[in-house]
**Student:** 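Would you mind keeping the following structure in view while I ask a few things?
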Amino acid sequence: MQVPDFKSIFGKNVPILSGAIHYFRVHPEYWRDRLLKLKACGLNTVETYVPWNLHEPKEGQFNFEGLADIVSFVQLAGDLGLKAIVRPGPYICSEWEYGGLPAWINKDRNMRIRCNWPPFLEKVKNYFSVLLPKLVPLLDTKGGPIIGIQVENEYGSFAADKDYLNYLANLTRELGIDTMLFTSDGWNVEMLEGGTLPDLWKTANFGSNPQGAFEMLRKFQPDGPDMCMEFWCGWFDHWGKGHHTRSAEDMANTLDGIIKDGGSVNFYMFHGGTNFGFWNGANLQQPLEYFATTTSYDYHAPLSEAGDITPAYAAAKATIEKYYGPAPDIHVENTKKIAYGEITFNERYSLWDNLPEPVKSAAPLTMEELDQELGYVLYRTTVKIPKLHKESGRYGLPLRITGLRDRAVVYVDGRKVGVLYRNTPHMILELPKPTGDSFRLDILVENMGRVNYGHDLQQQLCGVTGSIILGGHTLFGWENYSLPFNKIPNLKGRQTAKDCPAFYQAIFNIDETADTFLHMDNFAKGFVFVNGFNIGRYWEVGPARTLYIPAPLLKQGENEVTVFEFEGCNEPTAKFVDNHVWIK
């Protein structure tokens, strides 16, 4: 079994002291700042996941630019004197959309994922055959910084298909990865039994009780070395829940327990960053307990979402120095923040005037059937009222959706009448009684994030995956409008109604660029583009009421903000502040 040779790697008896920074959650112009802060804390290694869906958004179409430029990120880490651990999945969890799996994989309704299923293995091989050769020149065996590559991710919490794990390990080797391979799993017996392979280094994930975790790990790997591959030093947030925090003292006490006997550690997260755009994932705990992860991936980590040094950073640095001496003398400081003040959105464009050409079908189509991964779908039909039913006064209009993924705003003749959410029992909305012989029914459905963890990963379809039922009849004859919102539409028309889905635009001028936070206190739910870049979703339920905007997205002079609000806004103003605003 190949295990780390610490003396060879670091030149002295120092273990792996690592921190997770995901290149895809940090603006590339800030990579250097975050990596230097990691090194200045006393860490010697950076760890990152690799999300398949970011790198292959459409089957056979690959992206390794901008936020997806993993090669530049790892090269930069090496240039700064850091080692790197890379975790390419193909499944990564990471509170990321669908755990990093591409949505297009479910176009095959017979697909089986994360197992020894030949059609799935073929897709993985095609992806790895592009990704892994890019990493080969960066391996430590080639003089590069990468000292370890993970096989799958926490597989023991999902299954125990050793044929699948062996296939991934062998494929990784065949594609030129000749550095150390390892697995990481939760530290109970079932997880370690299911997710490990005899010939690979085994690591454990936990946030407390390091003695108990390492004791269990040694039952599977008696000779060590021990490593916590995910030291959960904080936690992530869900919409509608409280903001997670952890005291610096509690974090440092657990860290002390990990390293006091020479254990290796990887902070998860050292710097969380941001789920830009629609890339957040979700958790499904029970059928009516779906919780989407917020745009902010602050994680209450040693570096905040904006890269600021926190009390946890100071506590972690002090603990590391206690055992391994002074950290490198590197000058680091927080980036500048500016509260630019209030902006008013004077331009408002109705979604109804800015729809693409629809796809017509008998039944509503899923996002996957529309060749769409992220964003929204609008379902439209005209409902005719039978004359005799109308005259009898007995025509009821309860609307029900089966298989809603994930949240729908319902409009009658262009006006909002209610909301349906996959957590709503029975999923029924009573529509107002019609006054005419027919009405237009619009159902705008948001993919709030595919589930990224657990046993509900199979066939994570989005949109309407079942039927739309009005009264006692299933409705047929739909126009399906695909709205991925990967860019701002060429907006046209104007509208004055305030309860319709609409785009709001504002221009603001600045003399100096700096980090800032956009406070969306007058808006309900939607997302924001800044100078053409989707900075993420907002929702009035919190816990974050602000969206982080890195300075590199701004420019001196004129800047454009476009908001898509799909529940209506009475006072279209927002304000730039110099810190996050959390709902308690």
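In this chain, numbering begins with 1 at the start of the sequence shown.
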**Student:** Has the side chain of K241 got a donor or acceptor atom that lies under 3.5 Å from a matching backbone atom of F291?
**Tutor:** no

**Student:** With the threshold set at 4.0 Å, does a side-chain nitrogen-carboxylate oxygen contact exist between R545 and D521?
**Tutor:** no

**Student:** Tell me whether K525 is salt-bridged to E540, with the criterion being a basic N under 4.0 Å from an acidic carboxylate O.
**Tutor:** no

**Student:** Compute the ring centroids of F24 and F276, then answer whether they are less than 6.0 Å apart.
**Tutor:** no

**Student:** Are N106 and L461 close enough that some pair of their side-chain heavy atoms sits under 4.5 Å apart?
**Tutor:** yes

**Student:** Has D237 got a side-chain atom pairing as donor or acceptor with H244's backbone, closer than 3.5 angstrom?
**Tutor:** yes

**Student:** What residue among T294, N280, N275 forms side chain to side chain donor-acceptor pair (under 3.5 Å) with R537?
**Tutor:** N280

**Student:** So which of W232, W235, F236, Y299 actually passes ring-ring contact (aromatic ring centres under 6.0 Å, His included) with Y268?
**Tutor:** Y299

**Student:** Please check if the distance between the ring centroids of Y49 and W96 is under 6.0 Å.
**Tutor:** no

**Student:** Does the N447 side chain pair with the main chain of G375, one donor and one acceptor, at a distance under 3.5 Å?
**Tutor:** no

**Student:** Quick one: do K492 and E347 make a salt bridge, cutoff under 4.0 Å?
**Tutor:** no

**Student:** Tell me every residue that passes ring pair (Phe, Tyr, Trp, His ring centres under 6.0 Å) with F485, counting only those two or more places apart in sequence or in another chain.
**Tutor:** Y376, F503, F527, F564

**Student:** With sequence neighbours left out, write down each residue that passes ring pair (Phe, Tyr, Trp, His ring centres under 6.0 Å) with Y349, or none if nothing qualifies.
**Tutor:** none

**Student:** Check the angle between the aromatic planes of Y538 and F523 and answer parallel, tilted or perpendicular using the 30° and 60° thresholds.
**Tutor:** perpendicular

**Student:** Given the side-chain rings of Y548 and H580, with only the six-membered ring counted for Trp, is the space between their centroids under 6.0 Å?
**Tutor:** no

**Student:** For the backbone of E56 and the side chain of W104, can you confirm whether one donor and one acceptor N or O come within less than 3.5 Å of each other?
**Tutor:** yes

**Student:** Quick one: does any side-chain atom of N534 pair with a main-chain N or O of F529 as donor and acceptor, under 3.5 Å?
**Tutor:** no

**Student:** Taking the six-membered ring for Trp, are F158 and H455 closer than 6.0 Å centroid to centroid?
**Tutor:** yes

**Student:** Has the side chain of R450 got a donor or acceptor atom that lies under 3.5 Å from a matching backbone atom of Q460?
**Tutor:** yes

**Student:** Using only atom types and a distance under 3.5 Å, with no angle test, would you say the side chain of Y155 pairs donor to acceptor with the backbone of R114?
**Tutor:** yes

**Student:** When you measure from the side chain of N423 to the backbone N and O of Y290, does any donor-acceptor pair fall under 3.5 Å?
**Tutor:** yes

